[in-house]
Amino acid sequence: MKFQALLEEIYNEVQPLFGQGQVADYIPALGKVDPRKFGISIQTVNGQSFETGDANEKFSIQSISKVFNLAMAIRIVDEQLWERVGVEPSGNPFNSLVQLEHERGIPRNPFINSGAQVVIDILLEHLDNPNEEMLSFVKKLRYEDVYYNDAVFQSEKEYGYTNQALVNFMKAHKNIMHPVDTVLDVYYHQCSIEMSCHGLAKSFLFLANNGIIPDTGERILTKSQTKRVNALMLTCGFYDQAGMFAYHVGLPGKSGVGGGIVAVIPEELSIAVWSPELNTYGNSVIGMKVLELLTTRTGKSVF
Ligand code: GLU
């Protein structure tokens, strides 16, 4: 498969879609991003790399960090996690309070905000410094150049009214054990992580390789745990547009409101796309299209 030629072809083909979405502006630090940024990186499990555009420029990975968060917690508590968070698609906005109220403080899945916040609460039981551990975890996944963006962190904190409401509500339902501010500090840090498409594709490769980092042979998750994380990405990775992503793309993946999307083709590769203009669900307009074209042209998906 001539991935480089295909990437260039798709890169050019989606150019007319610029201007169709909106850069996230719920916090000032994200609203300043150049809407024309666009990068793609493919990393294969056998060590090949195909990239185009701004593939090495860092951006705010936002909710993509919820996958690292989940993988870290599964490594520590495995199936016990599911006593406090569900595995069903939400079909609601990622910060919905209504659903949480209806379901008595048990979040639908670990990729909506409330779900990630419960996962953080669990990590806090086991780790002295989850913020440092998160960076070390990504570095272990063979990407060194990862850090928190303080301006984004401060902005998330300043405008975090809904997130405060979510964590407080879950605490009222006894599904948060630590102080609300402690959980939120870790949550806002995770949202503020900056990485490039190259870094994201590289660090997601273990999910395309049955849980093993291809470069080092180190096992991060068991084969069965990897299947579960990929299943959750397929069914819950795109806010309330997860069905649409599965329908058009057919891969496990995760998006973030920074405009990044990462997806994996099991046993083969991981791909990250970044284009900050979002559709009304919070997913990158161009990122979704790139992945749709990629799976359609290659005939590869999980189905
Ligand atoms: N930082 C965002 C928030 O908590 C979530 C980011 C995302 O969904 O990518 O509101």
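Counting starts at 1 for both ligands and their atoms, following the listed order. Keep in mind that the numbers below use all heavy atoms, side chains included, and drop hydrogens, waters and symmetry copies.
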| said: Less than 6.0 angstrom separating the ring centers of F303 and Y247, yes or no? | reply: no
| said: Taking the side chain as everything from C-beta on, heavy atoms only, tell me whether L100 gets closer than 4.5 Å to P107. | reply: yes
| query | Within the side chain of R142, is there an N or O that forms a donor-acceptor pair under 3.5 Å with the backbone of S203? | reply | no
| field | NZ or CZ of K289 within 45° of F38 ring axis and under 6.0 Å | value | no
| request: For ligand 1, would you mind listing the residues that have at least one heavy atom less than 4.0 Å away, ordered by chain and number? | output: Y26, Q62, S63, F94, N113, E156, N163, Y187, C191, Y239, G256, V257
| request: With side-chain contact (heavy atoms from CB on, under 4.5 Å) as the test, would you mind laying out the steps for L221 and R75 before giving the verdict? | output: CA-CA 7 Å; L221 297 178; R75 275 158 67 84; 3.8 Å; yes
| task | Write out all pairs satisfying side-chain hydrogen bond (donor to acceptor under 3.5 Å, both in side chains) with one or both partners inside residues 86-98, taking only residues at least two apart or from two chains. | result | none
